[in-house]
S.K.: 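Dropping a structure here in structure tokens format, bear with me for questions.
Just so you know, residue 1 is the first one in the sequence shown, and it goes up from there.
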Amino acid sequence: MTEVETAAGPLTALAGEPRPEISLIVPVYNEDSTLEDVYRQAVAALETLGRPYEVILIDDGSADGTWAIVERLHDADPHVRGVRFKRNFGQHPAMHAGLVRARGDIVVTMDGDLQNSPADLPKLVAAVEAGSDVASGRRRGREDAWGRTLPSRLINRMLRGFTNVDIADFGCAFNAYRRSAIEPVLGSIGKQKFTKALVLSAGASVVEVDLEHRAREGQSRYSPFRLIRLALHVLAGFWPQPIQWAGVLIGTSSCLLSLAAAIWGAVIWVARGDFPGQIFLGALVLGVLGIQGFILALVGEYLGRIQRDVEGRPLYTVERELG
């Protein structure tokens, strides 16, 4: 079966099937070495809750044996559902594919690399059931190298400023959400990175839950360079029209400096009787730069409107779906 996905509408239950109370979403990419362990540990944690559940595995175009494992798990366990992308589209589109298929009242997201312990899943579910819209995982004692932790701290600081939500760890993918908190932002999830930041920026209440964190087995796919690119994505995605802000800042400061230089030149001209040509030339240059700054701000507004209009392309294409 082949289908094209865009920003889907509200989460819906499949007709004729009992709806699970808890949905676990695990995007995976070339995780054949850890996926079975993730499944076993996650199911063991879900079973302790004593509620109906489902496990949705999203294969983001893996080139190894990941999809074969997903098929085997699906055949052996009716709780397991699987989706395979035609190619690698990225973690956040994969997260969207899981969220639009989730049927539980509580939705848990988790990476498939075992850096977080699935045994902590009941703690996240309990935090949501206690009244919060989001249980935000907070990695304690991170064992990542400094090349990952320093850019991560920068990104967390930026997101705290742009969303006005004071949590410590926006980057942790192990979180639990109330279904009603996800539905309003489904149209943006996948187009923007940082699903948790999107949900929280819409006004969802949040509580942080401390989680065990382990060193990743194998090389991380998030290099320092890629984390810097994520920081730029935060600027473009959560800072409304940065070109506009830059244009307004340049335009305003240049115009004020131009005015100050013109006044200074006029004072010297009157006091000394000598026309200060260089000062007036500088004032003219600054004035032109100020006008260009405001034009840049206007261009930023147009670019923002164009971006919003053209983002109708598919987030991903699905090659096969199980369950």
Side-chain angles (χ1 to χ4, degrees), residues 5-11 22-29 55-60 83 85 88-113 115-116 120-121 124-125 127-128 132-139 152 155-156 158-209 211 221-222 226-227 229-239 311 314-316:
E5 294 284 349
T6 57
L11 306 177
I22 300 170
S23 297
L24 173 63
I25 300 168
V26 187
V28 290
Y29 177 64
V55 179
I56 306 175
L57 304 175
I58 312 296
D59 181 2
D60 187 20
V83 177
F85 286 176
N88 177 242
F89 285 89
Q91 180 186 26
H92 302 283
M95 190 72 71
H96 178 274
L99 291 173
V100 297
R101 288 165 172 80
R103 296 173 286 161
D105 295 321
I106 296 176
V107 181
V108 183
T109 61
M110 183 178 69
D111 283 338
D113 55 12
Q115 282 197 279
N116 293 117
D120 286 330
L121 191 152
L124 293 169
V125 172
V128 172
S132 297
D133 293 321
V134 180
S136 173
R138 178 170 53 191
R139 293 166 288 187
S152 178
I155 292 171
N156 278 315
M158 292 165 61
L159 286 171
R160 280 195 293 271
F162 293 144
T163 63
N164 292 319
V165 178
D166 189 19
I167 64 171
D169 196 351
F170 280 93
C172 181
F174 199 10
N175 309 287
Y177 302 89
R178 194 178 302 277
R179 180 190 182 92
S180 58
I182 294 174
E183 290 176 340
V185 294
L186 272 178
S188 298
I189 293 174
K191 294 178 183 178
Q192 295 272 23
K193 302 182 189 297
F194 299 102
T195 297
K196 179 162 56 178
L198 283 169
V199 175
L200 295 180
S201 65
S205 60
V206 60
V207 62
E208 292 193 278
V209 178
L211 304 176
R221 286 187 283 271
Y222 279 88
R226 188 174 178 187
L227 288 169
R229 288 183 61 196
L230 279 179
L232 295 177
H233 182 96
V234 171
L235 285 175
F238 289 90
W239 186 11
E311 280 189 339
L315 293 176
Y316 47 83

S.K.: Which distance, rounded to the nearest 0.5 Å, do you find between the CD1 of I106 and the CD1 of I182?
M.R.: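 The distance works out to 10.5 Å.
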S.K.: Using 30° and 60° as the class boundaries, would you call the ring planes of Y316 and F85 parallel, tilted or perpendicular?
M.R.: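 Taking F85 first and then Y316, their aromatic rings lie parallel (interplane angle under 30°).
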S.K.: Applying side-chain hydrogen bond (donor to acceptor under 3.5 Å, both in side chains), can you list everything that pairs with S180, at least two apart in sequence or on another chain?
M.R.: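 S180: no side-chain hydrogen bond (donor to acceptor under 3.5 Å, both in side chains) contacts found.
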S.K.: Using the salt bridge (charged side-chain N to carboxylate O under 4.0 Å, His left out) criterion, which residues pair with D105? Sequence neighbours excluded.
M.R.: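 With neighbours one apart ignored, the set is R19.
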S.K.: To the nearest 0.5 angstrom, please state how far the CD atom of Q91 sits from the CD1 atom of I58.
M.R.: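 The distance works out to 12.0 Å.
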S.K.: Does any N or O in the side chain of K196 come within less than 3.5 Å of the main-chain N or O of V134, such that one atom is a donor and the other an acceptor?
M.R.: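 Not at all, since once roles are kept as given, no pair shorter than 3.5 Å links the two residues.
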S.K.: Closest heavy-atom contact between L124 and A135?
M.R.: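 So the minimum-distance heavy-atom pair works out to O-CB, 3.4 Å.
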S.K.: With side-chain contact (heavy atoms from CB on, under 4.5 Å) as the test, would you mind laying out the steps for N175 and T195 before giving the verdict?
M.R.: CA-CA 10 Å; N175 309 287; T195 297; over 6 Å; no
S.K.: Which heavy atom of S132 sits nearest to which heavy atom of V207, and what is that distance?
M.R.: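 For S132 and V207, the tightest heavy-atom pair comes out as OG-CG1, 3.4 Å.
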S.K.: Looking only at heavy atoms, what is the nearest atom pair of D169 and C172, with distance?
M.R.: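 So the two residues come closest at OD1-N, 3.2 Å.
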S.K.: If the condition is side-chain hydrogen bond (donor to acceptor under 3.5 Å, both in side chains), which residues does T109 pass it with, not counting sequence neighbours?
M.R.: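 Testing T109 for side-chain hydrogen bond (donor to acceptor under 3.5 Å, both in side chains), a comparison that skips the adjacent residues, returns none.
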S.K.: Is there a donor-acceptor pair closer than 3.5 Å between any side-chain N or O of S23 and the backbone N or O of R103?
M.R.: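 Side chain of S23 to backbone of R103: a pair is present.
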S.K.: So, does N88 use its side chain to make a donor-acceptor pair with the main chain of D60 at under 3.5 Å?
M.R.: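 Yes: the side chain of N88 pairs with the backbone of D60.
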S.K.: What's the separation between atom CG in L99 and atom CD1 in I25, rounded to the nearest 0.5 Å?
M.R.: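 With rounding to 0.5 Å, CG (L99) is 4.0 Å from CD1 (I25).
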S.K.: Applying salt bridge (Lys or Arg N to Asp or Glu O under 4.0 Å) as the test, list every pair that has at least one member in residues 197-208; sequence neighbours left out.
M.R.: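 As it turns out, the salt bridge (Lys or Arg N to Asp or Glu O under 4.0 Å) pairs with a partner in residues 197-208, which skip direct neighbours, are R138-E208.
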S.K.: Which distance, rounded to the nearest 0.5 Å, do you find between the CD1 of I22 and the CZ of R179?
M.R.: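 If I round to the nearest 0.5 Å, the distance is 13.5 Å.
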S.K.: For the atom pair CG (L211) and CG (N116), what is the distance rounded to the nearest 0.5 Å?
M.R.: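 Here the rounded value is 5.5 Å.
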S.K.: With D59, which residues qualify under salt bridge (charged side-chain N to carboxylate O under 4.0 Å, His left out), at least two apart?
M.R.: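 Listed in chain order: R84.
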S.K.: Just to verify, what does F174 make a ring pair (Phe, Tyr, Trp, His ring centres under 6.0 Å) with, not counting sequence neighbours?
M.R.: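 Partners of F174 by the ring pair (Phe, Tyr, Trp, His ring centres under 6.0 Å) criterion come out as none, since no residue qualifies.
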S.K.: For F170, what residues pass the ring pair (Phe, Tyr, Trp, His ring centres under 6.0 Å) criterion, not counting sequence neighbours?
M.R.: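 Counting only residues at least two positions away or on another chain, F170 forms no ring pair (Phe, Tyr, Trp, His ring centres under 6.0 Å).
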S.K.: Which atoms form the tightest heavy-atom contact between V108 and V125, and what is the distance?
M.R.: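 Scanning both residues completely, I find the closest heavy atoms to be CG2-CG2, 4.0 Å.
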S.K.: Let's go through H92 and H96 carefully: what are the C-alpha distance in whole Å and the side-chain angles of both, what is the deciding distance for side-chain contact (heavy atoms from CB on, under 4.5 Å) to 0.1 Å, and is it a yes or a no?
M.R.: CA-CA 6 Å; H92 302 283; H96 178 274; over 6 Å; no
S.K.: Kindly write out the residues that satisfy side-chain contact (heavy atoms from CB on, under 4.5 Å) with D133, not counting sequence neighbours, or none if the list is empty.
M.R.: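 Per chain and number, D133 pairs via side-chain contact (heavy atoms from CB on, under 4.5 Å) with R178, A181, A204, S205.
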